[in-house]
Amino acid sequence: MVQVSYSYKNREFYQLEDSIMNQIAESGKRMLFALLEPIHDVLITENGKIRICLDERPNIELEGFSAPVKHQIECTLRGEEYEN
């Protein structure tokens, strides 16, 4: 199972308090899962967390994934071809 959360100033959010921000966050999660759809079969066997950090330097952190799957996710998010 893959979880997606947002992080801001060292606080983690699964749902944001502001309804407009929550709609934007949910839209972001849907787009993320759409990007990762080609590797759905690989992700289904993993227990990991994708944290979208919204601090000064926004980034995406991957936790709990095996090294090959983490590399495959990173390649997919960058739009690169994954090579075994």
Side-chain angles (χ1 to χ4, degrees):
M1 181 173 104
V2 176
Q3 292 181 329
V4 177
S5 66
Y6 287 87
S7 172
Y8 182 69
K9 294 187 178 182
N10 295 325
R11 289 183 58 206
E12 192 167 21
F13 301 93
Y14 291 95
Q15 184 170 356
L16 303 175
E17 293 94 23
D18 184 353
S19 65
I20 293 174
M21 290 301 293
N22 197 46
Q23 288 176 354
I24 293 170
E26 288 301 316
S27 176
K29 286 181 187 179
R30 284 192 301 274
M31 286 188 274
L32 180 63
F33 283 127
L35 280 172
L36 297 176
E37 179 65 29
I39 61 171
H40 179 273
D41 295 340
V42 174
L43 291 177
I44 212 149
T45 62
E46 294 281 322
N47 286 321
K49 182 186 288 187
I50 300 172
R51 181 180 296 127
I52 302 169
C53 299
L54 302 172
D55 294 321
E56 283 184 31
R57 292 181 165 213
N59 65 354
I60 295 175
E61 297 175 355
L62 304 173
E63 295 179 359
F65 295 100
S66 62
V69 172
K70 183 176 180 180
H71 180 68
Q72 192 171 1
I73 293 170
E74 290 170 346
C75 287
T76 302
L77 293 177
R78 285 193 301 263
E80 299 173 355
E81 285 292 319
Y82 174 69
E83 298 175 15
N84 293 336

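Quantities reported herein were computed from a predicted structural model and do not represent experimental measurements.
To the nearest 0.5 angstrom, Ile24 atom CD1 is 13.5 Å from Lys29 atom NZ. Here Gln72 contributes atom CD and Ile39 contributes atom CD1; the two are 4.5 Å apart, rounded to the nearest 0.5 Å.
Side-chain atoms of Ser27 do not come within 3.5 Å of backbone N or O of Gln23 as any donor-acceptor pair.
The side chain to side chain donor-acceptor pair (under 3.5 Å) check on Glu80 picks up Arg78, with sequence neighbours excluded. Qualifying side chain to side chain contact (heavy atoms under 4.5 Å, CB included) partners for Leu77, counting only residues two or more places apart in sequence or in other chains: Leu32, Leu35, Leu36, Ile60, Ile73. Applying the side chain to side chain donor-acceptor pair (under 3.5 Å) criterion to Arg11, with sequence neighbours excluded, gives no partner residue.
Within the structure, the ring-ring contact (aromatic ring centres under 6.0 Å, His included) test picks out no pair touching residues 23-62 (sequence neighbours left out). Listed by first and then second residue, the ring-ring contact (aromatic ring centres under 6.0 Å, His included) pairs involving residues 54-74 are His71-Tyr82 (not counting sequence neighbours).
Other residues, nucleotides and ligands place no more than 12 heavy atoms under 6.0 Å from the CG atom of Asn10.
Looking at every heavy atom in both residues, Tyr6 comes nearest to Leu54 through CD2-CD1, 3.7 Å. Nearest heavy-atom pair across Ala34 and Pro38 is O-CD, 4.1 Å.
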Under 3.5 Å, which donor-acceptor pairs link side chains of residues 43-53 to any protein atom two or more places apart or in another chain?
| residue | atom | partner | partner atom | Å |
| --- | --- | --- | --- | --- |
| Thr45 | OG1 | Val42 | O | 2.9 |
| Glu46 | OE1 | Ser66 | N | 3.0 |
| Glu46 | OE2 | Ser66 | OG | 3.0 |
| Asn47 | OD1 | Met1 | N | 3.0 |
| Lys49 | NZ | Glu12 | OE2 | 3.4 |
| Lys49 | NZ | Tyr14 | OH | 3.2 |
| Arg51 | NE | Glu12 | OE2 | 3.3 |
| Arg51 | NH1 | Glu61 | OE1 | 3.1 |
| Arg51 | NH1 | Glu63 | OE2 | 2.6 |
| Arg51 | NH2 | Glu12 | OE2 | 3.4 |
| Arg51 | NH2 | Glu63 | OE2 | 3.3 |

